[in-house]
Amino acid sequence: MLAKSTGLGYGARLGSVLRCRYSSSTAAMAYKNLHRNKKRPQLPTFEQPTLSADSAVSSIIYETPIVSKSPKTQHVLNCLVQNEPGVLSLVSGTLAARGFNIDSLVVCNTEVKDLSRMTIVLGGQDAVIEQARKQIEDLVPVYAVLDYSHSEIIKRELLLARVSLLGPEYFQELVAHHNDSDASVSDRLRSETYHPKNLPPSQALRQKFEHLDAISKLTREFGGKIVDVSDRNCIVELSAKPSRISSFIALIQPFGILELARSGMMALPRTPIEGVEDGTDPTKDAADVVDVSQLPPG
């Protein structure tokens, strides 16, 4: 009788574990319970300032918080989350509650079913970011949160920009003409001369091809390409690291950017080559944050 009851209890527990594992709402929690991290990185501590007696009494009476002097740096958090509704609002709400402004956020599903990867870029102090990372990792639909801030990673960002082929002065004069309703007749006539339809066909054609050739050469130097050309503008596509994207925008600005769409940053860690040293200072590896053997498939 005892053996039967024990067998039933084991079967019930096994069934509950299987149901918990394959449930879309509790799969991440079941995974965390079955794969607890044995070694967790030590939580960074804030610098404790040395206070005099007067400053300590003033802080106690007026409850003025001591501002930490640790610098704010850019952090890249890579989150492996359950692919279900509401995960993005949970993660962004946790960061917003701590007062973080998200610089960029990219989320998309992976090759593994019901698993998504979320790349978050934000700025702050190391200790505060680490506390926020722990809170995000404790959420139910979150498997793990990796901090790639001090790791060797590959950064990529996508840019789509609509650039004018007639130069910025025609576009700016046209906007000023439509916005300035109180301008005199002479000012209006002078601004209308810059309208693209009033240019001679040969001059407009030369202007277009000269600007298109210059934009094409600059885009090729940055590893991009032109994906669309019309009679007055073209669309440029570029995929590069964020700093290179910003440099390209600054160089293409004089041609007249009519419209611009910039995606967030995506990141993956580099794979080190055994036996090869790069000669740089040792940095914090991603394996120091979360054990790779404890991550979900993929």
Side-chain angles (χ1 to χ4, degrees), residues 25-33 35-49 63-110 115-157 241-243 262-270 283-292 294-296:
S25 60
T26 58
M29 178 174 287
Y31 178 82
K32 292 178 184 178
N33 293 331
H35 301 81
R36 289 289 184 183
N37 292 333
K38 296 182 180 180
K39 294 182 180 180
R40 290 183 175 270
Q42 186 178 2
L43 193 66
T45 57
F46 291 99
E47 297 180 359
Q48 297 295 335
E63 297 181 357
T64 53
I66 304 300
V67 180
S68 178
K69 297 182 180 180
S70 55
K72 293 184 179 181
T73 57
Q74 187 185 62
H75 292 261
V76 180
L77 299 181
N78 205 321
C79 309
L80 298 174
V81 301
Q82 189 81 21
N83 188 8
E84 62 181 15
V87 180
L88 180 60
S89 61
L90 283 175
V91 175
S92 60
T94 302
L95 295 175
R98 302 188 66 89
F100 288 110
N101 182 27
I102 300 177
D103 296 336
S104 70
L105 192 150
V106 177
V107 57
C108 187
N109 56 348
T110 62
L115 183 66
S116 297
R117 182 184 296 272
M118 185 182 301
T119 305
I120 306 173
V121 180
L122 67 163
Q125 299 173 352
D126 294 344
V128 181
I129 295 293
E130 183 64 22
Q131 292 175 0
R133 189 187 73 84
K134 293 290 185 181
Q135 288 188 353
I136 296 175
E137 199 172 26
D138 290 339
L139 297 176
V140 173
V142 179
Y143 287 101
V145 182
L146 310 179
D147 190 357
Y148 289 159
S149 305
H150 305 286
S151 304
E152 292 292 334
I153 59 177
I154 299 295
K155 304 177 182 179
R156 286 298 179 268
E157 192 170 345
K241 57 184 180 180
S243 59
R262 185 173 180 177
S263 70
M265 188 186 75
M266 296 173 287
L268 282 179
R270 290 181 179 269
T283 56
K284 185 178 180 182
D285 192 73
D288 298 335
V289 180
V290 174
D291 189 3
V292 180
Q294 297 179 358
L295 292 179

For [X] and [Y], work out which heavy atoms get closest and say how close.
X	Y	result
Lys155	Gln74	NZ-OE1, 4.2 Å
Leu122	Asp103	CA-OD2, 3.8 Å
Ser104	Gly264	CB-CA, 3.7 Å

As an exercise, state the distance from [atom1] of [X] to [atom2] of [Y], rounded to the nearest 0.5 Å.
X	Y	atom1	atom2	value
Leu139	Ile136	CG	CD1	7.0 Å
Glu137	Cys79	CD	SG	9.0 Å
Ile154	Met266	CD1	CE	12.5 Å
Leu146	Arg133	CG	CZ	7.5 Å
His75	His150	NE2	NE2	5.5 Å

**OP:** Begin with the C-alpha distance, continue with both residues' side-chain angles, and end with the deciding distance and a verdict on side chain to side chain contact (heavy atoms under 4.5 Å, CB included) for Gln82 and Val142.
**Re:** CA-CA 6 Å; Gln82 189 81 21; Val142 179; over 6 Å; no
Measure the shortest side-chain to side-chain distance between [X] and [Y] over non-hydrogen atoms and say whether it is less than 4.5 angstrom.
X	Y	result
Arg156	Met265	no
Val106	Met118	no
Ser116	Asn83	yes

**OP:** Check each of Ile153, Leu268, Val121, Leu77 against Tyr148 using the side chain to side chain contact (heavy atoms under 4.5 Å, CB included) test, and report the only one that passes.
**Re:**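 Of the listed residues Ile153, Leu268, Val121, Leu77, the side chain to side chain contact (heavy atoms under 4.5 Å, CB included) partner of Tyr148 is Ile153.
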Listed pairs under 3.5 Å, donor-acceptor, residues 90-101 side chains, sequence neighbours left out:
{"from": "Ser92", "atom 1": "OG", "to": "Leu88", "atom 2": "O", "distance (Å)": "2.8"}
{"from": "Ser92", "atom 1": "OG", "to": "Ser89", "atom 2": "O", "distance (Å)": "3.3"}
{"from": "Thr94", "atom 1": "OG1", "to": "Leu90", "atom 2": "O", "distance (Å)": "2.8"}
{"from": "Arg98", "atom 1": "NH2", "to": "Gln131", "atom 2": "OE1", "distance (Å)": "2.9"}

Subject >> Side-chain donor/acceptor of Thr110 to backbone N/O of Leu115, under 3.5 Å >> reply: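 Looks like yes, one N/O pair under 3.5 Å.
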Original post:
Counting distance only, does the side-chain N/O of Arg262 pair as donor-acceptor with the main-chain N or O of Glu157 below 3.5 Å?
Top reply: no
